[in-house]
Amino acid sequence: MEYVSSVWLGVLVFISIHGYGNIGPCEASSRVIQTPDQIYRTGYHFQPAKYWMNDPNGPMIYMGIYHFFYQYNPYDAQAGNIVWGHSTSTDLVNWTPQPPALLRSEPYDFKGCFSGSTTLLSGGKPAILYTGVDFSDNQVQNLAVPKYLADPYLTEWVKSPYNPLIAPNSVNKIDGQNFRDPTTAWLNPDGNWRMVVGNQQNGNGIGLLYRSKNFIDWIQAENPLHFMNNSGMWECPDFFPVSTISQNGLETSTMGPNVKHVFKASKASTDFYTVGTYNPNKDIFIPDNKSLDIGLGFRYDYGKFYASKSFFDSATSRKILFGWVNESVNNLEINSIRGWAGLQGIPRRIWLHKFGNQLLQWPIVEIEKLRMNPVIEDTSVLMPGSVREISGVNATQADIEMSFSAKTLEKAEKWEANWTNPQQVCSIKSASVKGGVGPFGLLVLASKDMQEYTAIFFRIFRGDNNNFIVLMCSDQTRSSLHLPSSDYDKTTYGALLNVDPLQEKLSLRTLIDHSIVESFGGEGKACITARVYPTNLAMDGATHLYVFNNGSQSVDISKLTAWSMKTAQIN
Ligand SMILES: *[C@@H]1O[C@H](CO)[C@@H](O)[C@H](O)[C@H]1NC(C)=O
Ligand SMILES: *[C@@H]1O[C@H](CO)[C@@H](O)[C@H](O)[C@H]1NC(C)=O
Ligand SMILES: *[C@@H]1O[C@H](CO)[C@@H](O)[C@H](O)[C@H]1NC(C)=O
Ligand SMILES: *[C@@H]1O[C@H](CO)[C@@H](O)[C@H](O)[C@H]1NC(C)=O
Ligand SMILES: *[C@@H]1O[C@H](CO)[C@@H](O)[C@H](O)[C@H]1NC(C)=O
Ligand SMILES: *[C@@H]1O[C@H](CO)[C@@H](O)[C@H](O)[C@H]1NC(C)=O
């Protein structure tokens with residue numbers, strides 16, 4: 001169908017399916033409602049011009065050019081027909097589309113070129129390992145290499161004549177439905193490459209380990225690199241070294257003193273990671289703290305962020321993380337009507353916290369060149385029950401940095417003994433439930449009358465040992481108001497923040513971009529990404545930004561800077 005008519009079809013179907021014409025408190029009578037397909041597209045978050053995108057694949061830097069590959073459906077805004085989309089950049093902010101790197105072409109990837117990674121082999125030669133789904137729906141592992149190494153854009157890739165390199169069979173007894181997403185390989189001191197593939201056996205999540213001398217013949221190790229009973233399928237594993245003494249990233253094969261390793265697995269729409277020790281002689285990885293293992297401990301993000309993939313940026317010695325940010329849409333028909341689905345989060349720099357058990361994450365510094373027209377507020381007091389607009393910024397495309405402090409925490413409420421799930425506490429104690437210390441924070445993508453908003457806020461509680469517990473929440477219950485809850489996922493997200501509010505300020509960085517809100521609490525200790533579709537953006541072409549405090553104790557804003565963000569060439 002050609003473009004113009006599909007837009008009109010989109011509007012008509014949208015009205016009839018989703019009752020767009022009947023908006024309740026915000027009467028639309030005299031205003032023009034824009035088509036919802038374009039207003040929710042991003043200004044500076046990566047997305048293809050149209051159709052479906054999901055997992056990031058094989059980010060890397062080659063001859064000074066950043067390469068980003070992604071799971072892409074070239075025909076539709078639904079999952080399916082998966083190929084490797086490809087874009088390049090010199091700054092990780094502005095992207096140029098390239099032809100897909102891998103198309104479905106062979107019996108071993110006839111049903112899709114699924115996720116995988118790139119590895120820089122000796123001499124810096126890139127190689128892609130990816131999962132193909134063959135005619136019989138078996139997941140198999142394949143290799144592709146650039147056709148012309150002299151081409152910095154690597155626009156053509158050649159699949160190996162030895163594919164599939166690894167396939168389930170009666171000897172290895174691997175379950176062909178649960179065998180995917182090879183990691184970037186690392187070079188073991190024994191001179192062989194190592195690589196991990198995600199797997200499940202009897203409900204146990206497993207990172208199967210392989211070794212190879214030539215990158216073609218892969219031998220399965222006797223033991224997995226890591227596994228966890230009853231944790232379900234581990235997708236998109238990632239395994240990499242981090243420095244214990246520096247914020248710099250490490251090349252993937254680095255081992256030895258002052259190095260820890262991070263193992264990440266994606267499951268149940270969540271990316272879990274754990275920090276531990278890799279023993280290259282025994283080829284095992286042991287988490288430092290069993291109670292922080294996969295599924296029990298830290299997550300990259302407590303909202304929408306999945307199937308992430310990291311790479312070492314040798315040009316700047318950084319470890320950088322990409323992650324897929326799914327639509328918050330239950331009725332998938334809406335994606336087809338819009339004609340697009342799926343974003344990438346702003347690439348995050350990651351490094352090990354000085355206490356060693358968790359990573360810190362921060363948007364790459366390059367994104368700051370999109371900042372303009374800063375609105376700066378020095379110290380101000382947020383009285384109990386107050387709401388204040390931050391005007392002068394384009395609140396639909398913005399970057400906000402602020403920090404809070406409280407002179408006393410006397411009014412902190414008690415943390416209940418049965419509150420084991422912070423996300424649940426954020427639901428019980430949403431932004432509209434008054435508290436002691438907090439809720440305080442931001443109302444973003446808000447309507448002028450504040451009927452609609454997404455709230456990112458903190459609450460401080462008193463624990464049993466006279467300690468304080470900091471909760472960070474992203475509350476979507478008042479977001480996307482014109483959209484029926486049945487079609488949209490308005491889950492409230494929450495995380496605990498390892499910050500001592502008596503000693504430290506409580507910082508918040510929030511990136512807002514039309515339909516995505518990415519928040520970094522406690523200088524990157526906890527991240528929450530949300531997707532929302534503001535009505536008022538459709539009706540007014542603009543949104544509003546507020547700070548609020550619904551606690552009974554006043555809090556100070558030590559400093560707040562809000563920038564409007566320029567539009568980037570997102571692809
Ligand atoms: C994990 O499950 C396997 C197979 O079911 C079993 O043999 C093993 O003992 C279990 N390991 C642990 C640590 O529970
Ligand atoms: C392991 O992690 C748990 C959960 O955060 C924590 O309570 C415990 O103190 C940690 N153990 C060690 C030895 O650090
Ligand atoms: C994508 O989002 C939808 C709606 O929130 C959710 O049902 C689904 O599980 C998500 N998928 C993944 C892989 O995160
Ligand atoms: C915690 O216990 C209280 C009192 O028994 C109960 O009302 C509440 O529902 C419980 N909360 C959770 C999250 O289980
Ligand atoms: C603050 O609390 C009051 C009373 O519960 C509520 O009406 C108001 O909506 C809350 N403010 C926000 C920003 O949620
Ligand atoms: C906000 O920025 C976007 C992108 O530059 C622009 O399209 C929009 O008109 C701006 N909105 C306002 C209210 O200035």
Side-chain angles (χ1 to χ4, degrees), residues 31-32 34-45 47 93-94 244 260 272-277 286-299 302 352-359 367 369-375 389-400 413-430 433 444-448 459 461 463-465 467 469-471 473 492 494-500 511-517 522 525-526 534 536-545 562-570:
R31 282 181 269 185
V32 175
Q34 293 183 45
T35 59
D37 50 355
Q38 300 308 313
I39 45 169
Y40 299 136
R41 284 182 62 82
T42 51
Y44 62 98
H45 282 76
Q47 61 178 141
V93 173
N94 296 290
T244 58
K260 291 264 177 203
F272 293 98
Y273 71 86
T274 186
V275 181
T277 303
I286 299 178
D288 285 346
N289 183 340
K290 265 285 167 202
S291 50
L292 297 177
D293 207 342
I294 300 297
L296 306 174
F298 293 106
R299 309 173 181 199
Y302 292 80
L352 192 64
H353 186 262
K354 58 177 187 275
F355 299 145
N357 63 350
Q358 80 162 114
L359 297 171
I367 206 73
K369 73 181 182 187
L370 299 177
R371 289 170 165 179
M372 59 180 175
N373 307 336
V375 172
E389 178 156 17
I390 307 297
S391 43
V393 332
N394 183 332
T396 308
Q397 212 170 288
D399 182 359
I400 299 129
E413 297 159 275
K414 188 175 167 301
W415 181 266
E416 299 297 335
N418 65 352
W419 287 351
T420 50
N421 179 351
Q423 177 163 355
Q424 199 178 12
V425 182
C426 288
S427 292
I428 301 167
K429 299 221 166 233
S430 70
V433 177
V444 309
L445 295 172
S447 57
K448 182 91 197 144
R459 286 176 184 267
F461 296 91
D464 276 342
N465 311 315
N467 57 320
I469 296 171
V470 180
L471 183 71
C473 305
T492 294
L496 291 179
L497 209 49
N498 187 12
V499 168
D500 178 354
L511 297 166
I512 302 163
D513 192 2
H514 298 246
S515 62
I516 179 171
V517 181
K525 284 181 179 153
N536 57 95
L537 182 56
M539 293 177 54
D540 299 347
T543 62
H544 300 265
L545 173 67
W563 292 267
S564 302
M565 294 293 271
K566 289 176 207 153
T567 297
Q569 186 183 324
I570 55 169

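As the structure lists them, so they are numbered: ligands from 1, and atoms in each ligand from 1.
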Heavy atoms, side chains only, cut-off 4.5 Å: are [X] and [Y] in contact?
X      : Y      : result
Val517 : Leu511 : no
Ile516 : Gln47  : no
Asn357 : Val275 : no
Glu389 : Lys448 : yes

Considering heavy atoms of the protein only, find what lies nearest to [atom] and give residue, atom and distance to 0.1 Å.
atom                    : result
atom 5 (O) of ligand 4  : Asn418 ND2, 4.7 Å
atom 3 (C) of ligand 2  : Ser291 OG, 3.4 Å
atom 11 (N) of ligand 2 : Asn289 ND2, 2.9 Å
atom 6 (C) of ligand 6  : Asn394 ND2, 4.1 Å

Which heavy-atom pair separates [X] from [Y] by the least distance, and what is that distance?
X      : Y      : answer
Ala562 : Ile390 : CB-CG2, 4.2 Å
Asp513 : Gly43  : OD1-N, 2.7 Å
Ile512 : Tyr44  : O-OH, 3.0 Å

Is there at least one protein heavy-atom neighbour under 4.0 Å from [atom]?
atom                    : answer
atom 13 (C) of ligand 2 : no
atom 1 (C) of ligand 4  : yes
atom 9 (O) of ligand 6  : no

Residue-level breakdown please: for Leu292 versus ligand 2, do any non-hydrogen atoms fall below 4.0 Å on the side chain, on the backbone, on both, or on neither? side chain
Any atoms of ligand 6 less than 4.0 Å from a non-hydrogen atom of Thr567? List them with their elements. 4 (C), 5 (O)
Give the numbers and elements of all ligand 6 atoms closer than 4.0 Å to a heavy atom of Gln397. 3 (C), 4 (C)
